[in-house]
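Structure, as structure tokens:
Convention: sequence-line order gives letters A, B, ...; per-chain numbering from 1. Only heavy atoms go into these numbers, but all of them, side chains included; no hydrogens, no water, no symmetry mates.
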Protein chains: 2
Amino acid sequence: MKVREAGLREGISEVIVTTKSASGTFNAAPIGIITRANDYFVKLYSGSTTLSNVMETSRLTANVTDDAVLFVKAAFKHLDESYFSLFRGFPVLREADSWIVFQAMLAKKSSEYSVLHLMPNAVQINREELKAINRGLNAVIEAAILATRYPVVKDEGYQEQIITLMKRYADVVEKCGGPREKEAMEFLAEKFLK
Amino acid sequence: MKVREAGLREGISEVIVTTKSASGTFNAAPIGIITRANDYFVKLYSGSTTLSNVMETSRLTANVTDDAVLFVKAAFKHLDESYFSLFRGFPVLREADSWIVFQAMLAKKSSEYSVLHLMPNAVQINREELKAINRGLNAVIEAAILATRYPVVKDEGYQEQIITLMKRYADVVEKCGGPREKEAMEFLAEKFLK
């Protein structure tokens, strides 16, 4: 299986994970896939839709993309059906550069999170495009991670720190980003900085 | 010219710029190429080898790569001849995913920096590989930018702040990076954190 060719490398790959519940509802969320040698893992937090879907249907798709807008929408908005297409009945993202459908097996469980061992079932590469490193894209990803923490953080001082950091990332996006990075940051700013 | 296909998109693309002096010496440095619509620009600081080479030979190559090690080596080490190959006598990086040779024309000059307008002369795409977003790669780039500032910063408090931030980026690399990101961060740590 061409998992590496589809974009997953040693370390943690930030992708959009799509899943399906037993009743057939789709979900999408930005998540890191861990690659160690040729083993794939994912750590999913208790209470997340992704984890409950995976426990119900034992599968997930890792969708590789560098589209900043897709990342923030998957994090903070319900993606409607138009974003998905189906591979043997399982949801993948229509606009992904590539995707890998994994079989997921529970490897470790604690009260806070579960670790799943992933075995590739199917791989598809839709497009291979070169894109130079853009600090604006990185800044959107970091800002989105902070934004997901914001609602769960209780400490006001820490919340303020998050906002300060997010503003700094917004400046990097303004300076270095392209139109997709700017649109994504605008979306985060509307929700958290206004 | 397939400049977009070679990886340069709207915004600032972080690439390794290779240049040649009038006497034929090569140089490489990580630099941002600015794309606005279909216009390309670069801002080069006074006193830099890149600027003096460009003023002498009116050309530069933008080498697109996501190799963290190549970025930090270009920033802090003299790349020897083995790293370069030649396109019509002009240096390009052998390991670049793609490169664009630009003709450079002075557009603006101040005491601190010069802005050059870039016109593509030749484009080559060596490989197109998908790679999911890796926060470790981003962290290396940000740490390398901080590291280049460190020696020019006089304020001790600011220097301490740089070291604190660099350590935070080192943690992200440790958690998320692959082998190239870890090797690159180790190189920076040897120089700045030990």
Can you say whether [X] sits under 4.5 Å from chain B via the side chain, the backbone, both, or neither, judging by heavy atoms?
{"X": "Glu181(A)", "result": "neither"}
{"X": "Arg180(A)", "result": "neither"}
{"X": "Leu137(A)", "result": "side chain"}

Treating Ile, Leu, Val, Met, Phe, Trp and Tyr as nodes and any side-chain heavy-atom pair under 4.5 angstrom as an edge, say whether [X] and [Y] lie in one connected cluster.
{"X": "Leu116(B)", "Y": "Val3(B)", "value": "yes"}
{"X": "Leu118(B)", "Y": "Phe90(B)", "value": "no"}
{"X": "Val17(B)", "Y": "Leu93(B)", "value": "no"}
{"X": "Met119(B)", "Y": "Phe87(B)", "value": "no"}
{"X": "Tyr40(A)", "Y": "Leu51(A)", "value": "yes"}

- Identify the two heavy atoms, one from Val64(B) and one from Ala132(A), that lie closest to each other, and give their separation to 0.1 Å.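 Reported closest heavy-atom pair: CG1-CA, 3.9 Å.
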
- Where is the tightest heavy-atom contact between Leu130(A) and Ala6(B), given as atom of each residue plus distance?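 Heavy-atom minimum between the residues: CD1-O, 3.7 Å.
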
- Item | Check ion pair Glu5(A)-Lys131(B) (N to O, under 4.0 angstrom) |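 Not counted as a salt bridge, because no side-chain N and carboxylate O are separated by less than 4.0 Å.
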
With a 4.5 angstrom heavy-atom cut-off, which part of [X] approaches chain A: side chain, backbone, both or neither?
{"X": "Thr35(B)", "value": "neither"}
{"X": "Ile145(B)", "value": "side chain"}
{"X": "Lys182(B)", "value": "neither"}

- Report the distance from atom CD1 of Ile133(B) to atom CD1 of Ile141(A), rounding to the nearest 0.5 Å. 4.0 Å

- To the nearest 0.5 Å, how far apart are CD1 in Ile34(B) and SG in Cys176(A)?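 SG of Cys176(A) is found 9.0 Å from CD1 of Ile34(B).
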
- Message: Within a 6.0 Å radius of atom CE on Met105(B), are there more than 12 heavy atoms belonging to other residues, nucleotides or ligands?
- Response: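 Count not over threshold, so no.
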
- Task: Kindly check if the number of other-residue, nucleotide or ligand heavy atoms within 6.0 Å of CG (Asn38(A)) is above 12?
- Result: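 Result for CG/Asn38(A): open.
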
- Show your working on side chain to side chain contact (heavy atoms under 4.5 Å, CB included) between Asn134(A) and Ile12(B) and close with a plain yes or no. CA-CA 6 Å; Asn134(A) 184 303; Ile12(B) 302 186; 5.6 Å; no

- In terms of heavy-atom pairs under 4.5 Å, which option from Arg4(B), Arg127(B), Glu14(B) contacts chain A the most? Glu14(B)

- Task: Test Glu129(A) against Arg9(B) for salt bridge (charged side-chain N to carboxylate O under 4.0 Å, His left out), laying out the working first.
- Result: CA-CA 11 Å; Glu129(A) 279 182 345; Arg9(B) 311 285 180 93; 3.5 Å; yes

